[in-house]
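What follows is one structure encoded as structure tokens, with my remarks underneath.
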Amino acid sequence: MLDGTLRQSFGRIGDNLKMGKVMPNKSSDVTSDIIVIGAGMAGATLSAVLGQKGMKVLLLDPYPSCRPVFKAEKIEREQVLLLRKFGLLKYLLPYCGTVDEVHGAFDGRIFKSGPIEQYGIKYPDMVNALRTHMPPTVEQRLGRVEGIVNNGQAQRVKLMGGKELTSRLVVLASGVTAAIQGSLGMRRRVIKTDQSLGFGFDIAPSGTEQFPFDAVTYYAFSPSTLIDYLTLFKFRTIMRANLFVFRSSRDPWVGEFIREPERMLRRYLPKLSRVTGEYRVISEVDFGRVDLYRVDCDPQPGIVMIGDALQSACPATGMGLDKVLTDVDVLSECIPAWLATSGMSADKLSEFYKHPRKLALDSRALKRAQDHRNLSVGRSLRWRIHRSLLHTKWRMLGSF
Ligand SMILES: Cc1cc2nc3c(=O)[nH]c(=O)nc-3n(C[C@H](O)[C@H](O)[C@H](O)COP(=O)(O)OP(=O)(O)OC[C@H]3O[C@@H](n4cnc5c(N)ncnc54)[C@H](O)[C@@H]3O)c2cc1C
């Protein structure tokens with residue numbers, strides 16, 4: 001538990017955080033009930049939810065704010081519901097574009113339209129909004145973790161530079177980097193290297209001020225393009241585009257798209273402008289690739305993994321944030337009971353990994369990743385028939 005001096009220190013940290021500041025490293029070590037390693041969406045959301053329950057959390061990250069990375073840029077329906085349940089959506093809304101209606105389109109035609117609640121937002125804005133509004137019992141500290149010595153009672157977290165921190169529970173939310181898991185003997189099983197590639201850019205209409213829609217999901221016509229779909233959705237003042245493709249990251253196509261996105265869109269999605277009107281790409285192209293993996297191992301005492309630290313998601317499925325937020329929801333229900341009893345045995349922590357809602361979502365995310373890929377580019381007879389039936393249905397529903 002925390003002594004009086006530290007309680008006072010948390011009070012001051014709370015004041016600083018309200019002003020959006022991050023505390024620099026202190027010279028002394030700190031003991032906290034919970035240390036969260038990594039302040040991406042997983043670590044920041046969990047810390048905020050635990051902080052709201054009055055728990056003392058130490059949130060570690062090497063950076064004072066999220067770097068300009070290209071990751072999830074859309075908050076989808078299930079994610080909206082969870083963020084609202086956590087009371088955190090309100091902090092993100094000022095940075096969001098609102099999508100009230102989305103069109104599905106294929107081969108130059110819209111085949112369905114419907115109301116929806118979605119928000120477009122840059123990933124760093126999402127994370128930084130949460131980091132700025134942390135409850136006062138969450139201390140944010142700069143630090144890169146190099147290793148953890150864990151057991152059923154107290155965990156020692158070693159920082160680069162030699163400092164050591166201790167806690168009853170460590171939550172590993174360090175994203176795709178696998179170094180910490182490796183040092184603990186946890187092996188990552190790669191299910192698919194280069195599962196999918198994502199491109200992000202801003203797009204504007206030619207000749208008019210605004211596109212006449214909030215959002216369009218445009219599916220590729222032919223599997224030979226190796227494109228899954230292009231999604232256009234509102235950021236605050238602009239239209240954002242995310243393109244997901246199933247190619248190797250070493251394919252020269254990638255460089256060609258980054259250099260000449262407009263020409264490549266016209267060539268590979270030639271009928272897109274029938275749906276959107278004439279368009280221009282008005283920004284540099286952001287690029288990211290994702291391997292599909294999962295850390296398969298027996299739970300270890302004192303440590304739980306959440307978000308990409310445990311299992312990645314195919315960006316094309318839009319389920320990365322579903323996984324992150326479900327992990328937070330389930331874990332934040334488990335932790336109070338864990339802290340109320342002595343010890344942090346692997347048996348106790350397995351409650352999280354075996355939770356039916358978590359198990360169901362993790363396996364759905366893996367299955368959907370594989371199905372998405374197969375439906376877009378699979379060559380077996382089964383997937384060719386499936387694709388052909390779907391395209392026929394979309395054509396029959398389609399209208400100009
Ligand atoms: C190109 C791309 C597009 C995507 N599109 C979508 C989408 O449309 N919809 C969707 O739902 N999902 C999408 N995803 C997936 C989604 O973005 C991720 O699943 C999600 O961001 C994972 O969050 P995280 O907090 O687990 O990891 P991260 O956001 O990577 O956070 C990890 C944090 O840990 C910190 N860290 C790392 N190592 C250490 C260390 N040693 N010590 C201390 N801190 C450390 C890092 O600095 C970072 O802040 C996309 C991913 C990519 C790559």
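Counting starts at 1 for both ligands and their atoms, in listed order.
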of all protein heavy atoms, closest to atom 38 (N) of ligand 1 is Thr177 OG1, 3.6 Å
What pair of heavy atoms forms the shortest contact from Ala173 to Ala42, and how long is it?
CB-CB, 4.2 Å
Check: Ser249 main-chain N/O paired with Asp194 side-chain donor or acceptor under 3.5 Å:
yes
Nearest non-hydrogen contact to atom 17 (O) of ligand 1 from the set Ala72, Gly318, Ser312 belongs to Ala72
Ligand 1 versus Val127, non-hydrogen atoms closer than 4.0 Å: side chain, backbone, both, neither?
neither
Closest non-hydrogen protein atom to atom 11 (O) of ligand 1, residue and atom name please, with distance?
Leu321 N, 2.8 Å
Any idea which part of Ile180 is under 4.0 Å from ligand 1, heavy-atom wise: side chain, backbone, both or neither?
side chain
Sub-4.0 Å heavy-atom approach of Ala313 to ligand 1:
no
Please determine if Met41 has a nitrogen or oxygen closer than 3.5 Å to a nitrogen or oxygen of ligand 1.
yes
Go through ligand 1 atom by atom and flag the ones less than 4.0 Å from a non-hydrogen atom of Ala173.
32 (C), 33 (C), 34 (O)
Between Val254 and Ser248, what is the shortest heavy-atom contact and its length?
CG2-O, 3.8 Å
Heavy atom of Gly143 under 4.0 Å from ligand 1?
yes
Indicate yes or no: does an N/O atom of Gly320 lie under 3.5 Å from an N/O atom of ligand 1?
yes
How far is atom 34 (O) of ligand 1 from the closest protein heavy atom, and which atom is that?
Gly38 CA, 3.2 Å
Could you check whether Asp33 pairs with Lys56 (Lys NZ or Arg NE/NH1/NH2 to Asp/Glu carboxylate O, under 4.0 Å)?
no
Ile37: numbered ligand 1 atoms lying under 4.0 Å from its heavy atoms:
42 (N), 43 (C)
For Val290, the ligand 1 atoms whose distance to one of its heavy atoms is below 4.0 Å
52 (C), 53 (C)
Nearest heavy atom to atom 33 (C) of ligand 1: which of Gly307, Ala365, Gly40 does it belong to?
Gly40
Can you tell me which residue and heavy atom of the protein come closest to atom 3 (C) of ligand 1, and the distance to 0.1 Å?
Pro315 CB, 3.6 Å
Testing the basics here: between Ala220 and Thr225, what is the closest heavy-atom pair and its distance to 0.1 Å?
CB-OG1, 3.6 Å
Is Arg267 salt-bridged to Glu260, going by a charged N under 4.0 Å from an acidic O?
no
So if I count the atoms of ligand 1 from 1 in the order they appear, which ones are less than 4.0 Å from some heavy atom of Arg144?
41 (N), 42 (N)
Need the ligand 1 atom indices (1-based, order shown) with element for anything under 4.0 Å from a heavy-atom of Gly175.
27 (O), 30 (O), 32 (C)
Note: heavy atom closest to atom 46 (C) of ligand 1, options Val324, Leu310, Asp61, belongs to Asp61
heavy-atom search around atom 44 (N) of ligand 1 in the protein gives Pro62 CD, 3.2 Å
Residue, atom name and distance, where the atom is the protein heavy atom closest to atom 39 (C) of ligand 1:
Ser174 CB, 4.0 Å
Please evaluate residues Glu351 and Lys358 with respect to the criterion salt bridge (Lys or Arg N to Asp or Glu O under 4.0 Å), reporting the C-alpha separation (whole Å), side-chain torsions for both, the decisive distance (0.1 Å), and the verdict.
CA-CA 10 Å; Glu351 182 193 356; Lys358 170 164 176 56; over 6 Å; no
Based purely on interatomic distance, does Lys71 place a nitrogen or oxygen under 3.5 Å from a nitrogen or oxygen of ligand 1?
yes
Would you say Asp322 and ligand 1 have an N/O pair spaced under 3.5 Å apart?
no
At their closest point, which heavy atom of Val290 faces which heavy atom of Ala313, and how far apart are they?
CG1-O, 3.5 Å
Of all protein heavy atoms, the one nearest atom 40 (C) of ligand 1 is Val145 N, 3.7 Å
Which of these passes side-chain hydrogen bond (donor to acceptor under 3.5 Å, both in side chains) with Asp362: Arg294, His355, Lys367?
Arg294
Which pair of non-hydrogen atoms, one from Val170 and one from Gln155, has the smallest distance, and what is that distance?
CG2-CB, 3.6 Å
Among protein heavy atoms, which sits nearest to atom 1 (C) of ligand 1, and what does the distance come to when rounded to 0.1 Å?
Phe70 O, 3.5 Å
For Tyr123, atoms of ligand 1 separated by under 4.0 Å from a heavy atom
20 (C), 21 (O), 23 (O), 25 (O), 28 (P), 29 (O)
Can you check whether Phe244's main-chain N or O pairs, donor with acceptor, with Asp228's side chain at less than 3.5 Å?
no
Contact region, Glu146 to ligand 1, non-hydrogen atoms below 4.0 Å, reads neither
Any N/O of Ala42 closer than 3.5 Å to an N/O of ligand 1?
yes
Centroid-to-centroid, Phe86 to Tyr91, below 6.0 Å?
no
Decide if the gap between the ring center of Tyr123 and the ring center of Phe70 is smaller than 6.0 angstrom.
no
Under 3.5 Å: donor-acceptor pair, side chain of Lys348, backbone of Thr341:
yes
Proximal ligand 1 atoms for Gln79, defined as those under 4.0 Å from one of its heavy atoms:
11 (O)
Charged N-O contact under 4.0 Å between Arg240 and Asp286
yes
Can you tell me how the ring of Trp253 sits relative to the ring of Phe257, calling it parallel under 30°, perpendicular over 60° and tilted otherwise?
parallel
Which atoms form the tightest heavy-atom contact between Ile121 and Asp125, and what is the distance?
CG1-CB, 3.9 Å
Relative to atom 22 (C) of ligand 1, which among Asp308, Leu59, Leu60, Leu172 owns the nearest non-hydrogen atom?
Asp308
